[in-house]
Each structure stands twice: as C-alpha cells, then as structure tokens.
Amino acid sequence: MGTALIYDEEMTKYKLLWVDPACKIEVPERLTVSYEALVRSGLSDRCVSIPPREATDAEILLAHSEEYLEAVKKTPYMTLEDLKEFTLQYGDVYFHPNIYHCAKLAAGSALQLVDSVMTGKVRNGIALVRPPGHHSMRSAANGFCVFNNVAIAAQYAKQKHGVKRVLIVDWDIHHGQGVQYCFEDDPSVLYYSWHRYEHQKFWPNLRESDYDSVGKGNGAGFNVNVPWNKVGMENSDYLSIFCHVLLPVAYEFCPDLVLVCAGFDSAIGDPEGEMCATPDIFAHLTHLLMNLAGGKLCAVLEGGYNLTSLPQSVCQTVQTLLGDPLPQPAGLRSPCKSALESLQCVRSAHRRYWSFLKHAANQPSTDISTKRIKLANEEEGKTEMAVEERAAEIKEWPEPPERPSPPVRCASLLPEDVACPDGLKLFSSSKDLHPLLASKLQNGADDQDALITVSRLYAMIEKMLTNEIGSGLVLISDISAAMMGALQDLPSDLVDRVLVVCVGKEKDLNYLTTDGKMLFVQISDEDKEKEKNKYFIPVSLKKGCSDTAGFIQAVLGLLLPLAYEYDPTLVLLVRTPGSGVDDSMWQQLIGLLLGFAKGHTLVLMQTNEKVHVGPTASALLGRPAPPLLELQTLDQEDGEALERLRERLQTDWKMLQTTSEGTEETLPC
Ligand code: Q6P
Ligand code: ZN
C-alpha cells in the first residue's frame, strides 16, 4: 500500500501573457521546483507514479454550470485581446490558450487520485497540479482557479465510490470560498479552512469567510472557518487549531475520505500568506490527518508562491504520506493572542453542532467580528503594520531537518510462546546487565528477573535514541514492576524527556519525579485529583478508557497539546491490564503518539494481553488505524471534568489554552 504521486509537465505549459501584478506570482516554476525537489530527494522514486487524465464534461459539471464550462471551452481559440477581456469578468485570475487543457488535467488528476485511493491501489497520495481550484465557483473563475478540483473530487467520490462522508481540509492561506459555496448546505461534506482574514481586510474580503459562517440548512455545522486576523502565525498557532478545533470535529464527523486543499502559501516566506510556520509543520498537519478515514487521504496542490518554501513543504508532506518518522516539533511557543481569539470564536460558534466542542467557552466579550467595523482605529493600524513588515521581511529560515528511517522500524521483546508479528524484529541484547544497572546488582537487588527486564528495556531505549530502532513493543509478566524499575531512576543521561502515557489504573506511582525529566499522563477511572503536579496529569473518566468519546476527547484536547509542548525524546506507552480500551482506540492513540520523539514510542503490555499484540504491532508499523465506529456522545460530567482539568493546567501548559482572555500580545517570529 503505497503513496500515489500525480504529476505531468503539461500543467506547466501555460502562463500569464500580460502585465498583472495580482497574478504574476502564479508561475509554472511552482510546479517544476516542487516536482524536482521530490526527484532530487529520492521521494518521487518511492511513490507510485500515476498519470493524470482529463476530467470529462460530466465530471466538471459536478461542480460547475453548463454556461461556465461552455465559456471556458472557447478560450483555447481566443486571441490575446479576447483572453484579456474574458479574464476581466473574474477576479485575480488569468486565461491562456492552454489553460483549459491544463484545468481539465488538474481536475482529472484529483479524480485519478480518488480512484487510486478508493480502489485500494494506494493508501494515500498527492496531485501536483496547476491551475489550482479552491476559489473557483459554479459559474466563475477566481484567484488563479478555473475548475474546482477538490470540490469535483468530493462529488465524484460520493457518486462513483459511494463515499458517505468527505472531510475537506483546506490549509491554503486563502479562503476557498468556491468549496464553501459548493457544500454549504451539504452535511455529507465537511469543509474546514483557515485563512488570512485581517477582519475582512485581506483578499477575497468576504464577510462569509468569518468564523460565524457555519453552513446552512442541513449543512449547519459542516463548514468550519478559522480566520487569521494577524499575519505572522507560527507552528504553535496552527497546531493549536488542529488540536482544539479541527481534530475534535473531524473525529466526531468520522469521514470515509479526507481531501486536502494543499496550499503551501501558509508557510514561512510566502508573499501572500506572510505567516511564520516552518515547512516541517506540514509533516505534522499531514500526520494528524492520516489516522482518519482509515488513512485514505488525497492531497491536491493549491497555492504556494515562495519557490524555496513551497518545495520544502511539498517534500515534508510527501515524506509523511510515505510513513517516514516525523521531525521533532521543537521550540513551540504559546499560541498568540489573536490566534486564541479566533480559536475561541470558532469553538463557540460550533459548540452547538459538535459534542466534542460542547463545553467550549463563550466567544470573547469583545466579539472579534465587530472589530471589522472599527478598523480605522489608528493605534491598531500601526501595530498591524509593524507585524506585517516583520513577516514580509523573512527571507531565510533553516532547512527542514533530515528524517532518516531507522534500519529496524519496530522491535519486539516477547515471551517465547508469542509469535513475532510480521514486520517486527525480535530484539536481542547481550545477556549482561546494562552498565547503568550494575550498581543495583551490587547493592543486592531482590528481584533478579525484574532487573534483567529493565536491563533489556534500557538496551532497547538506547537503540531507539541512536535511531537504530524506531518503535518497540514489549510484553512483560509484571508491568508494574517493570515500569517502576525502568522509571524510578531512569538515568537522565539516557533520556532527556520521557512522555509516559498510562492507559488504565496503576497502583503505585510514587517513583514519579517533578523535575521535568518525565511527564506522566494517565487516563483511567481513578480520581487522583490531589496527587497532581505539573508533570503528573491524571485524567479521570467515569467509565475509564472504555468510553471512546471521553477517551478521544482527552487524547485530542489534552494529550496532544501537552505532548507538543513537552516535546519528548521518548514516548513510553503503558497499557495496564484490564484498561478497557478497545483496539481501534488503542491504535488511534499509537498512531497519534508516533508523531512525537521522531517516532520513538515504546509500548509496554502485560503478557496476558497477547490478543492485542497484532493490532498494536500494526499501529507501531505506521499502518492507519481503523476508523472509530460507535462514537457515543460525550458524557456531560466527563466533558465538564475534562474542561476543568484543561483550564487548570493551562497556566503551566500554554498549548492547552482555548481562550484569549488573560493572554499577552507577543511579537511574531
Ligand atoms: C490570490 C489573489 C490576492 C491579492 C492580495 C487555489 C490558490 C490560492 C490563490 C490565491 C489568489 N491575489 N494580495 O488558489 O489560494 O493561493
Ligand atoms: Zn492560497
């Protein structure tokens, strides 16, 4: 099950033929530099290459009117003067004698991608296309777009493949109003977009791009707009929106297919976006979507105008689709005040539609949508100008880090009567006691067996930290003893920061430290309110881990943001016996945790949980988790308790903030 790559040089064969400052950034090189970067890095060779095809009239009509299609059909025969005039009726777009052909290929590429993913030929894929699509409307070209590639693909997936629910994630920095209009009243397609907005001062300057456009009629709740009212947004702002808005809604929506309007003008250096998120952020955005819809994800290129950051971002996305370890999301700052304002507004606008957002706070007391009216405010105008200049100034940023795959993707330490699952490699270490444990032996440790287990765990961890091993699976007879042994003085020269995620009850945790070397998050039905400190976070659910709604809420809204901020060098995932977590939830959790510590997640399970070895191994190998069925609505009390916990922890953990009150303005990158 591979990754599809759709590209054809033909789509570079049209360009702007006259002077138009608004359109001069949309150049054929956007595509060539992206593709060449994939070739040079060896990524294209690892993909399944699939040719585009032309979309048929009937397919184009899935999202456009006959009059519009007929009009575009005439453009190949127009003179330059005719083309100029034809162009004038639309906004920020240009026509060329060959653009109709390319537009049919661009839409057809999206359809080829949907076919390849839906028939199981590949797991996921990306289509590098021009012209882009998300601005084009039923009867109008707009914003460099001729046909709405992704909207057509969504309709096609429903019609041809019987897909019931499509999630469209538009991470381009412009609002894909064309996609919004197409699906506004359609509850089977959830459209999510974040976009530079600046209180309607930024193109396309539409009132309906604001957070309060939530969809219409039956489609109410299925249109999610996140307006960015300032430029200079950073990685933490993007991740915060994913954790606190998009993912809760997406998991509750439970799509059968994910389409991404993959515009990379939301990356640093882009002249349109003027944002400060680095290209490696797209590795995380992609990864966070890869466990939805059983991994069925199709990315279709939209914008991206900086010819350095665009190819870097494309490579980060493709490398993630291929399953390589994620780059460490290092040095996240607190989300900025303006981002939190937007976050708070969107959550509040959507809480009536999604049980996962039900406990969201009210929108800020000064409604940000009314700010639009008082934009003349001089003071504000000034600060905004300064921020803009800083963001526009950025010409350089470090290259995204290498992401080498370890020789052993997943190693296992299993009792003799458990067969090693396919794809895992049995871990063998020397019989000698790990040097770090030798002193213990001299001190006459009582339990030799436990000591040996811990010794082998240390050996495995060492191999993870040198990247000889990716993830690990360990089955042991006494999980409490092993955990205590391994953690109670996990030598700090071995690991800087361990994130311990404990699923289920664990009796004795008095070996936990408060020095920050370890962050311990436990999800169970035990109430340990009193024992908490910054680094010990007990999450209590009435029905423990058997309640999928509560569990997923805790994972998305608490664990993920905490993990991003903590930035562990190792993740230890412990499954205590009788935790009650079901296999698909467990696999989702593993899949999400693999996004941290460069994929170094070590799973500990008790020997008598053999039946879960298969699903665990599959998730550790990076295979997509099956979608969560039977998502109950979130229990009222659990929801409130989680919200209280989040609120209490947000003073220590800035990624847990979901409101802007009490936050200070910060200067952008
Ligand atoms: C930008 C038009 C805005 C001028 C304001 C799929 C990709 C895109 C297109 C952006 C059009 N000019 N400075 O379209 O969203 O990046
Ligand atoms: Zn764009």
Side-chain angles (χ1 to χ4, degrees), residues 11 14 16 19-31 34 63-64 87-88 90-95 99 102-103 106-107 109-110 126-137 140-154 168-182 191-206 209 225-228 231 233 238 259-275 277 282 285 299-307 309-310 313-314 317 384-385 388-389 391-392:
M11 287 182 277
Y14 76 90
L16 179 63
V19 177
D20 180 351
C23 293
K24 67 169 198 282
I25 54 173
E26 205 294 294
V27 294
E29 290 75 22
R30 296 179 51 241
L31 225 49
S34 301
H64 297 281
T87 293
L88 276 180
Y90 307 119
D92 295 83
V93 67
Y94 63 89
F95 278 82
I99 203 172
C102 293
S109 299
I126 188 166
L128 296 181
V129 302
R130 277 178 81 234
H134 70 159
H135 298 303
S136 104
M137 291 162 271
N142 183 260
F144 314 149
C145 304
V146 176
F147 298 138
N148 202 315
N149 309 320
V150 168
I152 295 170
I168 301 179
V169 176
D170 188 338
W171 71 44
D172 185 282
I173 208 59
H174 299 93
H175 181 216
Q177 84 277 36
V179 187
Q180 172 168 316
Y181 298 152
C182 191
Y191 177 62
Y192 163 89
S193 173
W194 62 30
H195 34 268
R196 181 170 172 186
Y197 189 59
E198 297 172 295
H199 305 289
Q200 214 180 317
K201 288 274 186 186
F202 190 71
W203 188 90
N205 314 89
L206 301 170
S209 304
N225 281 336
V226 180
W228 297 123
V231 294
M233 294 299 164
Y238 286 10
L259 302 179
V260 180
C261 286
F264 298 100
D265 43 12
S266 39
I268 193 161
D270 193 277
E272 276 289 312
E274 296 183 30
M275 297 300 173
F282 295 102
L285 304 186
V300 181
L301 183 68
E302 297 280 358
Y305 307 98
N306 179 304
L307 298 180
S309 89
L310 169 64
S313 304
V314 168
T317 304
E384 234 144 73
M385 213 44 215
E388 208 156 303
E389 272 160 26

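Indexing begins at 1, ligand by ligand and atom by atom, following the structure's order.
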*Asks:* I need the atoms of ligand 1 closer than 4.0 Å to a non-hydrogen atom of Glu302, numbered in the order shown.
*Replies:* 6 (C)

*Asks:* Please list the nearest protein heavy atom to atom 12 (N) of ligand 1 with its residue and the distance rounded to 0.1 Å.
*Replies:* Asp92 OD2, 3.1 Å

*Asks:* Applying a strict 4.0 Å limit to heavy atoms, is Cys145 in contact with ligand 1?
*Replies:* yes

*Asks:* Looking only at heavy atoms, which two atoms of Leu16 and Tyr94 are closest? And how far apart?
*Replies:* N-CE1, 3.3 Å

*Asks:* For atom 13 (N) of ligand 1, which protein heavy atom lies nearest, and how many Å away is it?
*Replies:* Glu272 OE2, 3.4 Å

*Asks:* Any chance the rings of Tyr238 and Trp194 have centres within less than 6.0 Å?
*Replies:* yes

*Asks:* What's the atom name of the N, O or S in Asp265 nearest to the Zn ion (ligand 2)?
*Replies:* OD2

*Asks:* Short list, please: which atoms of ligand 1 are under 4.0 Å from a heavy atom of Tyr305?
*Replies:* 7 (C), 8 (C), 9 (C), 10 (C), 16 (O)

*Asks:* Run down the list His195, Arg196, His174, Gln177 and name the one with the heavy atom closest to atom 1 (C) of ligand 1.
*Replies:* His174

*Asks:* Determine the minimum heavy-atom distance between Leu259 and Val150, stating which atoms define it.
*Replies:* CD1-O, 3.8 Å

*Asks:* Compute the angle centred on the Zn ion (ligand 2) spanning ND1 of His174 and OD2 of Asp172, and express it rounded to 10 degrees.
*Replies:* 160°

*Asks:* Checking side-chain contact (heavy atoms from CB on, under 4.5 Å) against His195, which of Val226, Ile173, Asn225 comes through?
*Replies:* Asn225

*Asks:* Answer with yes or no after comparing the ring centroid distance for Tyr197 and His175 against a 6.0 Å cut-off, counting only values under it.
*Replies:* no

*Asks:* Check this for me: does any side-chain nitrogen of one of Arg196 and Glu272 sit under 4.0 Å from a carboxylate oxygen of the other?
*Replies:* no

*Asks:* Which is it for Trp171 and Phe282 under the ring-ring contact (aromatic ring centres under 6.0 Å, His included) test, yes or no, and what are the steps along the way?
*Replies:* CA-CA 9 Å; Trp171 71 44; Phe282 295 102; 5.5 Å; yes

*Asks:* For ligand 1, is there an N or O atom under 3.5 Å from any N or O atom of Trp203?
*Replies:* no

